[in-house]
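Single-structure report; data block below.
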Amino acid sequence: MSISRFSVHTRLIALTLCLGVVTAVSTVSAQERDSFRIAWSIYVGWMPWGYGDAEGIVQKWADKYDIEIDVVQINDYIESINLYTAGSFDGVTVTNMDALTIPAAGGVDTTALIVGDFSDGNDGVVLKGTDDLADIEGKRVHLVELSVSHYLLARALETVGLSERDIRVVNTADADIVAAFNSRDVEAAVAWNPQLGELRRMPDANVVFDSSQIPGEIMDLLVVNTEVLEANPALGKALTGAWYEIMERMSGDDAIAVEARTIMGDAAGTDLEGYEAQLASTTMFYDPADAVGFVESGQPLETMENVRQFAFEHGLLGERAPSPDFVGIQFADGSMLGSEANVKFRFNADYMRMARDGEL
Amino acid sequence: MKRIINQTPNRPTGLALGLLPFVLVLLVYMVASAARLAENPNDPLLPSLSAMAEAFQRLATEPSRRTGELVLWVDTAASLTRLGLGVLISMGMGLVVGIFTGLIPYVRRAFSPFVTVLSMIPPLAVLPILFIAFGVGELAKVVLIIFGIAPFIMRDVQQRVEELPTEQLVKAQTLGASTWQIMLRVVLPQVFPRLLDATRLALGSAWLFLIASEAIAATEGLGYRIFLVRRYLDMETILPYVAWITLLAFLVDILLRLINRYCFPWYGGRRS
């Protein structure tokens with residue numbers, strides 16, 4: 001009796017350990033390997049990934065470097081970043097701010113491999129019944145709290161000498177913000193496209209501030225795990241090569257470009273016209289030379305300084321972060337912000353430079 | 001040798017068996033968490049138990065940096081108010097509508113199919129309509145809970161009324177009771193404990209709708225906090241909140257059961 005109980009006990013422990021080990025090994029390991037997973041979600045600047053996957057462009061470049069790249073669409077943007085942070089993916093499409101506050105603050109060393117575009121009017125503050133931003137004072141502002149919208153609002157308030165204390169932020173899901181804005185008691189909202197376009201069309205609604213007034217501060221990136229990239233440069237080369245081939249195809253006015261944009265528009269739940277309207281308020285870096293120029297300029301450092309202050313003030317770097325310096329950020333020219341001992345977010349122009357110089 | 005169906009554990013063994021699954025889950029969690037933290041000490045996905053305990057203590061006792069409020073208690077008060085209002089109003093509506101549709105054939109014919117159809121509509125699918133009709137404030141959240149559980153309670157109460165033995169109604173009528181008197185003296189007392197039972201079953205959905213409503217537009221609440229900190233994968237806050245919500249739901253359930261046992265001893269006695 002006692003022997004059999006003992007064996008049950010041992011088996012239970014063994015089972016527990018097995019489960020634990022299974023969970024533990026599911027994180028990304030940095031060794032050299034030849035199969036990778038990239039997650040993307042629907043947004044104007046990331047639709048090219050879906051197109052490149054469907055058209056076999058990613059496959060073509062992966063074959064060239066003799067690796068496999070699995071491009072997976074995740075329906076929920078935040079969930080895609082969380083999956084990447086938890087280690088289920090080697091790379092993910094993300095904005096500069098969320099890259100800092102989710103994976104980097106969560107201890108996952110992350111490299112911005114491709115800076116695809118920046119928002120140039122794709123995010124905006126909308127008020128009902130007034131076209132003056134200063135009238136926002138005292139209102140309840142509906143937005144996705146702690147998101148890029150929140151950051152945009154903070155920057156907007158600065159321009160009219162207000163602070164977040166002068167308004168009340170109401171956390172509203174992005175999927176519901178259009179419906180909520182229809183309600184009579186909602187007078188102010190901050191949203192991104194395509195929702196912003198819907199809000200703009202409502203009677204009496206005015207976009208009083210948008211991201212074209214802070215150009216270059218909201219960047220759409222493809223980030224990858226730094227350790228994985230260092231162990232597997234082929235991944236960086238294949239992704240960058242594929243990206244700029246897609247860029248070349250979708251830019252311009254020839255039949256192939258129009259068809260590409262039509263496919264992306266369909267996949268984004270709109271049509272060619274709707275997608276082109278979103279592209280119009282996005283500055284896409286179709287040419288790798290432009291992206292390299294942007295990343296090597298002083299702009300990313302200036303932006304990330306704003307972003308990390310915002311993130312720290314809102315507790316986004318975690319309760320353990322004693323100051324905004326907690327997470328180190330490295331830029332393409334080697335300059336740094338924050339702790340040099342804890343660099344978790346890096347801008348890297350190497351691969352985009354290779355694309356520019358035709359070395360891929 | 002006794003057959004296994006005839007073997008019952010004594011009290012301490014039973015208690016230990018009941019705890020076993022909890023202990024196992026906890027063990028698996030601790031092993032997995034330790035393994036991940038060994039690899040990346042800042043890993044947010046599976047924080048250690050001590051980190052969660054610290055986070056919980058901080059939320060419960062230290063004023064927040066941003067608003068100066070004790071976050072946990074503000075959230076709990078807001079959520080319980082919404083839940084309480086939603087559930088109480090649903091119970092009231094369920095009782096009145098259920099008794100009338102259960103007892104009076106004309107009313108049943110008029111409203112019963114409508115209530116049935118109403119109970120089939122997934123409330124989250126008609127959110128935009130709720131927003132336009134009830135705004136995005138507290139009212140909309142309470143309405144969402146009512147929309148979610150009142151039709152279920154109405155149907156349940158109606159069925160319980162229909163199940164009352166016809167003999168009782170006949171006897172009351174031979175004693176000269178009017179419809180109104182039958183409703184108050186025969187039906188109502190017997191339906192009350194059943195209403196509490198139906199409410200207990202509906203509470204699970206009520207919590208679901210509460211959390212969903214707080215995810216949509218809110219400035220405080222248990223669901224609001226979870227959806228907010230999910231934006232930066234702050235499991236240190238989310239996991240203790242989930243445990244806290246489970247505990248609250250458990251306590252509300254026990255409370256309803258105790259009310260039933262205390263106020264309607266005949267009902268609970270007959271059941272067990």
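What you see below is based on every heavy atom in this structure, not just the backbone, and it leaves out hydrogens, waters and symmetry mates. So you know, we letter chains A, B, ... as the sequences are listed, proteins then strands, and number each from 1.
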Contact class of A/Val178 relative to chain B, heavy atoms under 4.5 angstrom = neither

Identify whether NZ of Lys or CZ of Arg in A/Lys344 sits under 6.0 Å from the centre of the six-membered ring of A/Phe326 and within 45° of that ring's axis.
-> no

B/Leu233 portion near chain A, given a 4.5 angstrom heavy-atom threshold | both

is_close_aromatic(A/Tyr151, A/Phe310), centroid dist under 6.0 Å | yes

Can a donor-acceptor pair be found between the side chains of A/Asp98 and A/Thr95 at a distance below 3.5 Å?
-> yes

Hey, would you say the A/Tyr77 and A/Trp40 ring centroids sit under 6.0 Å apart?
-> no

Under 4.5 Å from any heavy atom of chain A - which part of B/Glu214 = neither

With a 4.5 angstrom heavy-atom cut-off, which part of A/Val170 approaches chain B: side chain, backbone, both or neither?
-> both

Considering only heavy atoms from C-beta outward, does the side chain of A/Ile167 approach that of A/Val141 to under 4.5 Å?
-> yes

Are a donor atom and an acceptor atom from the side chains of A/Thr226 and A/Thr111 found within less than 3.5 Å of each other?
-> yes

Tell me, side chain or backbone of B/Glu54 under 4.5 Å from chain A's heavy atoms, or both, or neither?
-> neither

Does the A/Asp176 side chain pair with the main chain of A/Ala179, one donor and one acceptor, at a distance under 3.5 Å?
-> no

Residue part contacting chain A, namely of B/Asp234, when any heavy atom lies under 4.5 Å | neither

Please look at A/Asp76 and chain B and tell me whether the side chain, the backbone, both or neither of the residue comes under 4.5 angstrom of a heavy atom of that chain.
-> side chain

Would you mind checking which part of B/Arg58 comes under 4.5 Å of any heavy atom in chain A, side chain (CB onward), backbone (N, CA, C, O), both or neither?
-> side chain

Between A/Trp46 and A/Tyr43, does the ring centroid distance fall short of 6.0 Å?
-> yes

Selection from B/Thr219, B/Leu45, B/Leu130, B/Val229 maximising heavy-atom pairs under 4.5 Å formed with chain A | B/Thr219

Under 4.5 Å from a heavy atom of chain B, the part of A/Asp185 involved | side chain

Is it the side chain or the backbone of A/Asp174 that comes within 4.5 Å of chain B heavy atoms, both, or neither?
-> neither

Interface residue of largest heavy-atom contact number with chain B, from A/Pro103, A/Ala180, A/Ala175, under 4.5 Å | A/Ala180

Top contributor to chain A interface from B/Pro44, B/Gly137, B/Ala34, B/Pro128 [non-hydrogen pairs under 4.5 Å] = B/Pro44

Any donor and acceptor pair, going by atom type alone, linking the side chain of B/Thr81 with main-chain N or O of B/Ala77 inside 3.5 Å?
-> yes

